[in-house]
Amino acid sequence: MPHDELLHRHRAVMPGWLSLYYDEPIEITGGHGRHVTDGTGRTYLDFFAGILTNAIGYDIGEISEAIRSQLDTGVVHTSTLYLIRRQVELAERIAELSGIDDAKVFFTSSGTEANEAALLLATQYRRSNQVLALRNSYHGRAFATTGITGNRGWSPSALSPLQVSYVHGGYRYRGPLRGLSDADYIRACTEDLREVLATTTAGDVACMIAEPIQGVGGFATPPDGLFAAYAEVLGEYGIPFISDEVQTGWGRTGEHFWGIGAHGLTPDAMTFAKGLGNGLAIGGVVARGELMDCLTANSISTFGGNPLSTTAATATLDYLLSHDLQANAAERGAFLLRRLREAGRPDGVVGEVRGKGLMIGIELVEPGTTEPSPRAATAVLEATRAAGLLVGKGGLHGNVIRLAPPMTLTADEATEGSRILLDAIATTDKELTA
């Protein structure tokens, strides 16, 4: 089918709000390693990995073989009304890796559904519909998760089953607390949290939920220790802390297996998804047993934790751990951060380079200012694609380039990708300055 015809058919039957990258959207039809091929036969180095989901890469033999072996049994799906061996085995491993005492695991089909489940647990456990969330946050596209999303561009409705109070903490580059040292920033944010609890809540808050690094928010990265300081305040009220690890989990940040590890905090619950299945749909919640078991009505998950997705997830986890991809993410990420930061100039379009491991955001601004520049981000997105590199875009203003390649990224690929990206930024810088 010709590309133009597919695009026309897409626009005829898919929602108008369903975003597509690029002036001429591409269809990805094949992949191997860290490269994908589009419908015209052109190959790209992928630095966005299906929004961090193809965490190991494409056409990985060990994972593909595990999936084929499960397919060969003839059983793709059984619901949680039956015992599922792979589900139990995977839950045991995740419970142990979580570091949470007496941990239990519930599997879902996506990160959105995982966060919905976590909110259900917390609100039932505390008998409250009040939730604390961070400004600039994103937690999914369902009813409750949209209600706690603190990013206007991804919150299409004011209706919500929850009463939400937003606190500072995620995004430092452009805001009232910009310029503070890490210690002063943490102190100011913690004072803000106390003020919010005292003024906009009844005190019996169900939970705080936060991303250790804000994904859709442009990989905004708070200072280490912030959430530990928050947890001290929450502990005074008995409020559980939920870490949204949908994007930061599985070692992607390099420093720690879970993003929250940078804060020296073991949360009451964590949500996960994306990279665990390396492309197959799986998500879930791991939480303290008391919190997980608080529901008093029956429940199941039709697709969550099915034999095929848990088999793929087990193979993915095996590969990730046996190849120490957390260490690789730390090494490759440090290289990319260094290259990108060295290339910036005070009066250029790069306002800030931030992130950890293979989770990097490049905030683009109008030259010589801090004003967000969506046009610069669009220009870089198009220029990198034309040069054979796929990157992401995000941030509150749509002005942040997001880099999250597969965690198997090689040194040569990191060098190639950074070269293409720096060329695209330099070209954009020149065009916007002129």
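For the numbers below, each heavy atom of this structure counts, side chains included, while hydrogens, waters and symmetry mates do not.
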J.: What heavy-atom pair brings Ala114 and Gly284 nearest, and what distance separates the two atoms?
T.: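 Closest approach of Ala114 to Gly284, heavy atoms only: CB-O, 3.3 Å.
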J.: Applying ring-ring contact (aromatic ring centres under 6.0 Å, His included), can you list everything that pairs with His10, at least two apart in sequence or on another chain?
T.: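 Partners of His10 under the ring-ring contact (aromatic ring centres under 6.0 Å, His included) test: none.
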J.: Please evaluate residues Asp101 and Arg288 with respect to the criterion side chain to side chain contact (heavy atoms under 4.5 Å, CB included), reporting the C-alpha separation (whole Å), side-chain torsions for both, the decisive distance (0.1 Å), and the verdict.
T.: CA-CA 6 Å; Asp101 290 338; Arg288 290 188 292 107; 5.7 Å; no
J.: Would Val105 and Gln87 count as a side chain to side chain contact (heavy atoms under 4.5 Å, CB included) if you check the C-alpha gap in whole Å, the side-chain angles of each, and the deciding distance to 0.1 Å?
T.: CA-CA 10 Å; Val105 180; Gln87 181 187 71; over 6 Å; no
J.: Can a donor-acceptor pair be found, under 3.5 Å and without considering hydrogens, that links the side chain of Glu245 to the backbone of Gly259?
T.: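 Present.
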J.: Look at the side chain of Ser98 and the backbone N and O of Ala95, then say whether any donor-acceptor pair between them is shorter than 3.5 Å.
T.: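 Yes; judged by distance alone, with no hydrogens or angles, the pair exists.
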J.: Please determine which of Leu336, Leu403, Leu325 meets the side chain to side chain contact (heavy atoms under 4.5 Å, CB included) test together with Leu358.
T.: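 Between Leu358 and the candidates, side chain to side chain contact (heavy atoms under 4.5 Å, CB included) is satisfied uniquely by Leu336.
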J.: Kindly check if the number of other-residue, nucleotide or ligand heavy atoms within 6.0 Å of CG (Leu83) is above 12?
T.: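 Open.
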J.: Is there a side-chain contact between Ser301 and Phe106, using heavy atoms and a 4.5 Å cut-off?
T.: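 Result yes, sub-4.5 Å side-chain heavy-atom pair found.
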J.: Could you tell me which residues satisfy side chain to side chain contact (heavy atoms under 4.5 Å, CB included) with Ile420, sequence neighbours excluded, listed by chain and number?
T.: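 Ile420 satisfies side chain to side chain contact (heavy atoms under 4.5 Å, CB included) with Thr384, Ala387, Leu389, Glu416 once adjacent residues are dropped.
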J.: Step through the shown structure and confirm whether more than 12 heavy atoms of other residues, nucleotides or ligands are within 6.0 Å of CZ on Arg341.
T.: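 Result for CZ/Arg341: enclosed.
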J.: Looking only at heavy atoms, what is the nearest atom pair of Lys393 and Gly398, with distance?
T.: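 The pair with the smallest heavy-atom distance is CD-O, 3.6 Å.
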J.: Is there a side-chain hydrogen bond (donor to acceptor under 3.5 Å, both in side chains) between His168 and Asp192? Walk through the geometry before answering.
T.: CA-CA 7 Å; His168 285 294; Asp192 173 66; 4.6 Å; no
J.: Roughly how far apart are Leu291 CG and Ile242 CD1, rounded to 0.5 Å?
T.: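 With rounding to 0.5 Å, CG (Leu291) is 7.0 Å from CD1 (Ile242).
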J.: Looking at Thr221 and Phe219, would you say the former's side chain and the latter's main chain have a donor-acceptor pair under 3.5 Å?
T.: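 Answer holds: yes.
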J.: Could you tell me how the ring of His263 sits relative to the ring of Phe227: parallel (under 30°), tilted (30 to 60°) or perpendicular (over 60°)?
T.: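 Because their plane-to-plane angle lies in the 30° to 60° range, the rings of His263 and Phe227 count as tilted.
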J.: Treating Asn328 as the side-chain partner and Leu409 as the backbone partner, does any N or O pair qualify as donor plus acceptor under 3.5 Å?
T.: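 Between the backbone of Leu409 and the side chain of Asn328 there is a qualifying donor-acceptor contact (under 3.5 Å).
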J.: For Leu177, is the CG atom crowded, meaning more than 12 foreign heavy atoms sit under 6.0 Å from it?
T.: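 Yes, CG of Leu177 has more than 12 neighbouring heavy atoms, counting only those of other groups under 6.0 Å.
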J.: Closer than 3.5 angstrom, by distance alone: can the side chain of Asp429 be matched with the main-chain N or O of Val349 as a donor-acceptor pair?
T.: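 Yes, the answer is positive, given that a donor and an acceptor are paired below the 3.5 Å cut-off.
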J.: Is there a side-chain contact between Met292 and Ile100, using heavy atoms and a 4.5 Å cut-off?
T.: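 SC-SC contact between Met292 and Ile100 ruled out.
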J.: Looking at Arg93 and Asp318, does any basic side-chain N land under 4.0 Å from a carboxylate oxygen?
T.: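 Counted as a salt bridge, because a side-chain N and a carboxylate O are separated by less than 4.0 Å.
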J.: Test side chain to side chain contact (heavy atoms under 4.5 Å, CB included) on Thr248 and Arg252; report intermediate values, then the result.
T.: CA-CA 6 Å; Thr248 50; Arg252 175 166 285 280; over 6 Å; no
J.: Using 0.5 Å steps for rounding, measure from the CG atom of Leu320 to the CD1 atom of Ile63.
T.: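 Leu320 atom CG to Ile63 atom CD1 measures 9.0 Å (nearest 0.5 Å).
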J.: Can you find a heavy atom in the side chain of Ile148 that is under 4.5 Å from one in the side chain of Ser137?
T.: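 Ile148 vs Ser137: side chains apart.
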J.: Between Tyr185 and Arg172, is there a cation-pi geometry (under 6.0 Å to ring centre, at most 45° from the normal)?
T.: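 Yes, cation above the ring, under 6.0 Å and within 45°.
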J.: Take Ile362 and Val400, measure what side chain to side chain contact (heavy atoms under 4.5 Å, CB included) needs, and give me the verdict at the end.
T.: CA-CA 5 Å; Ile362 308 168; Val400 180; 5.5 Å; no
J.: Taking only residues two or more places apart in sequence, or in another chain, which ones meet Glu352 in a side chain to side chain contact (heavy atoms under 4.5 Å, CB included)?
T.: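 By the side chain to side chain contact (heavy atoms under 4.5 Å, CB included) rule, Glu352 matches Tyr173, Arg354, Glu363.
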J.: Within the distance-only criterion (no hydrogens, no angle test), does the side chain of Ser155 pair as donor or acceptor with the backbone N or O of Arg152 below 3.5 angstrom?
T.: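 No.
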J.: Taking all non-hydrogen atoms of both residues, which atom of Leu422 and which atom of Ala343 are closest, and how far apart?
T.: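 Heavy atoms of Leu422 and Ala343 come nearest at CD2-CB, 3.3 Å.
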J.: Are any non-hydrogen side-chain atoms of Ser165 and Leu132 less than 4.5 angstrom apart?
T.: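 Side chain of Ser165 against side chain of Leu132, heavy atoms only: contact under 4.5 Å found.
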J.: To the nearest 0.5 Å, tell me how far Leu317 CG sits from Glu89 CD.
T.: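 Nearest 0.5 Å value for the CG-CD distance: 12.0 Å.
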J.: Just wondering, do Glu290 and Cys294 contact through their side chains at under 4.5 Å, heavy atoms?
T.: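 SC-SC contact between Cys294 and Glu290 ruled out.
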J.: Of all heavy-atom pairs between Arg126 and Tyr237, which one has the smallest distance, and what is that distance?
T.: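 For Arg126 and Tyr237, the tightest heavy-atom pair comes out as NH2-O, 3.2 Å.
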J.: Would the number of heavy atoms belonging to other residues, nucleotides or ligands and lying under 6.0 Å from NZ of Lys104 be above 12?
T.: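 Check fails, neighbour count at 12 or below.
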J.: Are the side chain of Thr149 and the backbone of Thr145 linked by a donor-acceptor contact shorter than 3.5 Å?
T.: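 Yes.
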J.: Side-chain donor-acceptor pairs under 3.5 Å in residues 204-218, sequence neighbours left out?
T.:
| unit_1 | atom_1 | unit_2 | atom_2 | d |
| --- | --- | --- | --- | --- |
| Asp204 | OD1 | Gln130 | NE2 | 2.7 |
| Glu211 | OE1 | Gly215 | N | 3.1 |
| Glu211 | OE2 | Tyr138 | N | 3.0 |
| Gln214 | OE1 | Asn136 | ND2 | 2.9 |
| Gln214 | NE2 | Arg135 | O | 3.0 |

J.: With sequence neighbours left out, which residue pairs that include part of residues 368-377 fulfil the side-chain hydrogen bond (donor to acceptor under 3.5 Å, both in side chains) condition?
T.: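 side-chain hydrogen bond (donor to acceptor under 3.5 Å, both in side chains) check on residues 368-377 returns Glu366-Ser373, Glu366-Arg375.
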J.: Donor-acceptor pair, Asn399 side chain versus Ala377 backbone, under 3.5 Å?
T.: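 No; zero donor-acceptor contacts below 3.5 Å.
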J.: If the condition is ring-ring contact (aromatic ring centres under 6.0 Å, His included), which residues does Tyr171 pass it with, not counting sequence neighbours?
T.: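 Per chain and number, Tyr171 pairs via ring-ring contact (aromatic ring centres under 6.0 Å, His included) with no residue.
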J.: What are the two closest non-hydrogen atoms of Glu62 and Ala315, and how far apart are they?
T.: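 Residues Glu62 and Ala315, closest heavy atoms: O-CB, 4.2 Å.
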J.: Angle between ring planes, Phe272 versus Trp258, binned at 30° and 60°: parallel, tilted or perpendicular?
T.: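 It falls in the tilted class, 30° to 60°.
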J.: Say you draw a straight line from OG1 of Thr310 to CG of Leu276; how long is it, rounded to the nearest 0.5 Å?
T.: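 Output value for this atom pair is 9.5 Å.
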J.: So, taking the atom named OH in Tyr21 and the one named OG1 in Thr378, what distance separates them when rounded to the nearest 0.5 Å?
T.: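 Result: 10.0 Å between the selected atoms.
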J.: Check whether any side-chain heavy atom of Leu197 sits under 4.5 Å from a side-chain heavy atom of Glu236, and report yes or no.
T.: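 Counting from C-beta outward, Leu197 and Glu236 never come under 4.5 Å.
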J.: How about Leu90 and Arg86: do any of their side-chain heavy atoms sit closer than 4.5 Å?
T.: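 Leu90 does not reach Arg86 side chain to side chain.
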J.: Is it true that a side-chain atom of Asn306 and a backbone atom of His77 form a donor plus acceptor pair closer than 3.5 Å?
T.: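 Checked: no pair found.
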J.: Any sub-3.5 Å donor-acceptor pair from Tyr44's side-chain atoms to Ile28's backbone N or O?
T.: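 It does not hold such a pair.
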J.: With a 6.0 Å cut-off on the ring centroids, do Phe241 and Tyr230 count as close?
T.: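 Ring centroids of Phe241 and Tyr230 are no less than 6.0 Å from each other.
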J.: Taking side chain to side chain contact (heavy atoms under 4.5 Å, CB included) as the criterion, tell me which of Asn278, Ile60, Thr311 meets it with Thr316.
T.: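 Only one of Asn278, Ile60, Thr311 forms a side chain to side chain contact (heavy atoms under 4.5 Å, CB included) with Thr316, namely Asn278.
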J.: Rounded to the nearest 0.5 Å, what separation is found between the OG1 atom of Thr108 and the CD1 atom of Ile282?
T.: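 Going from OG1 on Thr108 over to CD1 on Ile282, the span is 8.0 Å.
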J.: Side chains of Thr146 and Ser160, heavy atoms from C-beta outward: is any pair under 4.5 Å?
T.: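 Result no, sub-4.5 Å side-chain heavy-atom pair not found.
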